[in-house]
Colleague: 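Before I ask anything, let me first share the structure, which is written out below as structure tokens.
Protein chains get the first letters and strands the later ones, always in sequence-line order, with residue 1 at the start of each.
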Amino acid sequence: EAQVTQNPRYLITVTGKKLTVTCSQNMNHEYMSWYRQDPGLGLRQIYYSMNVEVTDKGDVPEGYKVSRKEKRNFPLILESPSPNQTSLYFCASSLADSYGYTFGSGTRLTVV
Amino acid sequence: KNQVEQSPQSLIILEGKNCTLQCNYTVSPFSNLRWYKQDTGRGPVSLTIMTFSENTKSNGRYTATLDADTKQSSLHITASQLSDSASYICVVTSSGTYKYIFGTGTRLKVLA
């Protein structure tokens, strides 16, 4: 089944403790992206990648890192999480700009 | 500033009724416009994608329209069902970029 898989689905962590949210897609998509979704603000892009080793900042990249060493994986790294990074995170992939996104099921992160 | 605005913010209708959701955008240059359906806590799922030259596109009971001159789009849902209860998100892409500008969505509730 074609899908984008995120892990974990839920995560509670403490301020400053490094964490990684994994994202993997099995559709051979070149384009992948991370979003955060907060009430009343809609989805905001954190980082995106157009291909292996090609990444760029989205609208809200502060406090996040990404890497794209392989086509299928695009992990999101929070080196020192803070409470304002508490949010619902989505990974998405696409074959190309003219195609729709396939979204993962989301990761609900709480930083205390 | 590139923006996507949706109205209404929320809507309650009875099962079997029709409804229309609105999307106005100021994104330029325009590439395409997508409508997504997002169930609570889940990733958005693509309903339609429309390019500059398309006026209408249907996907089952969902019909999207696009007026590129007035920069408006609408999503019409026919004979609503309980399963249509969700948030509907309008997303616009600017030409030459991989940046997607998301609206904040319309939350639809269908009552029996």
Side-chain angles (χ1 to χ4, degrees), chain A residues 2-7 9-10 21 23 25 27 29-51 54-61 66 68 74 87-110, chain B residues 1-10 21 23-25 27 29-54 57 59 62 64 66 73 75 86-107:
Chain A
Q3 59 185 0
V4 176
T5 303
Q6 290 179 234
N7 281 297
R9 285 295 310 276
Y10 302 92
V21 184
C23 175
Q25 50 95 2
M27 297 165 282
H29 285 172
E30 291 189 347
Y31 182 70
M32 298 185 75
S33 184
W34 275 103
Y35 290 88
R36 61 178 288 173
Q37 187 174 34
D38 302 291
L41 294 179
L43 283 145
R44 293 180 292 168
Q45 191 177 46
I46 303 171
Y47 269 95
Y48 63 95
S49 169
M50 288 184 280
N51 214 325
V54 181
T55 63
D56 205 352
K57 297 177 181 178
D59 298 313
V60 288
V66 293
R68 189 91 182 274
F74 190 44
S87 187
L88 179 59
Y89 291 87
F90 288 102
C91 179
S93 73
S94 176
L95 186 60
D97 182 40
S98 58
Y99 290 79
Y101 266 132
T102 300
F103 282 85
S105 298
T107 295
R108 186 169 293 281
L109 172 66
T110 302
Chain B
K1 182 182 177 182
N2 288 332
Q3 280 187 315
V4 175
E5 295 184 350
Q6 294 186 241
S7 62
Q9 281 191 339
S10 61
L21 314 180
C23 174
N24 297 336
Y25 62 93
V27 179
F30 175 84
S31 176
N32 56 62
L33 183 147
R34 300 173 170 92
W35 282 95
Y36 283 86
K37 177 186 179 186
Q38 184 179 22
D39 294 314
T40 302
R42 315 277 303 181
V45 175
S46 180
L47 294 174
T48 65
I49 177 171
M50 302 180 73
T51 59
F52 184 88
S53 59
E54 294 175 301
K57 184 169 280 189
N59 178 0
Y62 300 102
L66 175 65
S73 176
L75 180 69
S87 288
Y88 292 84
I89 303 172
C90 177
V91 186
V92 180
T93 307
S94 181
S95 296
T97 76
Y98 276 95
K99 295 211 172 173
Y100 297 76
I101 298 98
F102 287 76
T104 54
T106 293
R107 188 181 299 270

Colleague: Which residue pairs pass the side-chain hydrogen bond (donor to acceptor under 3.5 Å, both in side chains) test when at least one of the two sits in residues 37-48 of chain B, sequence neighbours left out?
Modeller: A/Gln37-B/Gln38

Colleague: A/Tyr101 versus A/Phe90: any side-chain heavy-atom pair under 4.5 Å?
Modeller: no

Colleague: Please classify the contact between A/Arg44 and chain B as side chain, backbone, both or neither, with a heavy-atom cut-off of under 4.5 Å.
Modeller: neither

Colleague: Does the ring center of B/Tyr25 lie less than 6.0 Å from the ring center of B/Phe30?
Modeller: yes

Colleague: Sort A/Leu43 into side chain, backbone, both or neither according to what part of it lies under 4.5 angstrom from a heavy atom of chain B.
Modeller: both

Colleague: Of the backbone (N, CA, C, O) and the side chain (C-beta and beyond), which part of B/Ile89 lies under 4.5 Å from a heavy atom of chain A, both, or neither?
Modeller: side chain

Colleague: Should the heavy atoms of other residues, nucleotides or ligands under 6.0 Å from CD of B/Gln3 be counted, would the total exceed 12?
Modeller: yes

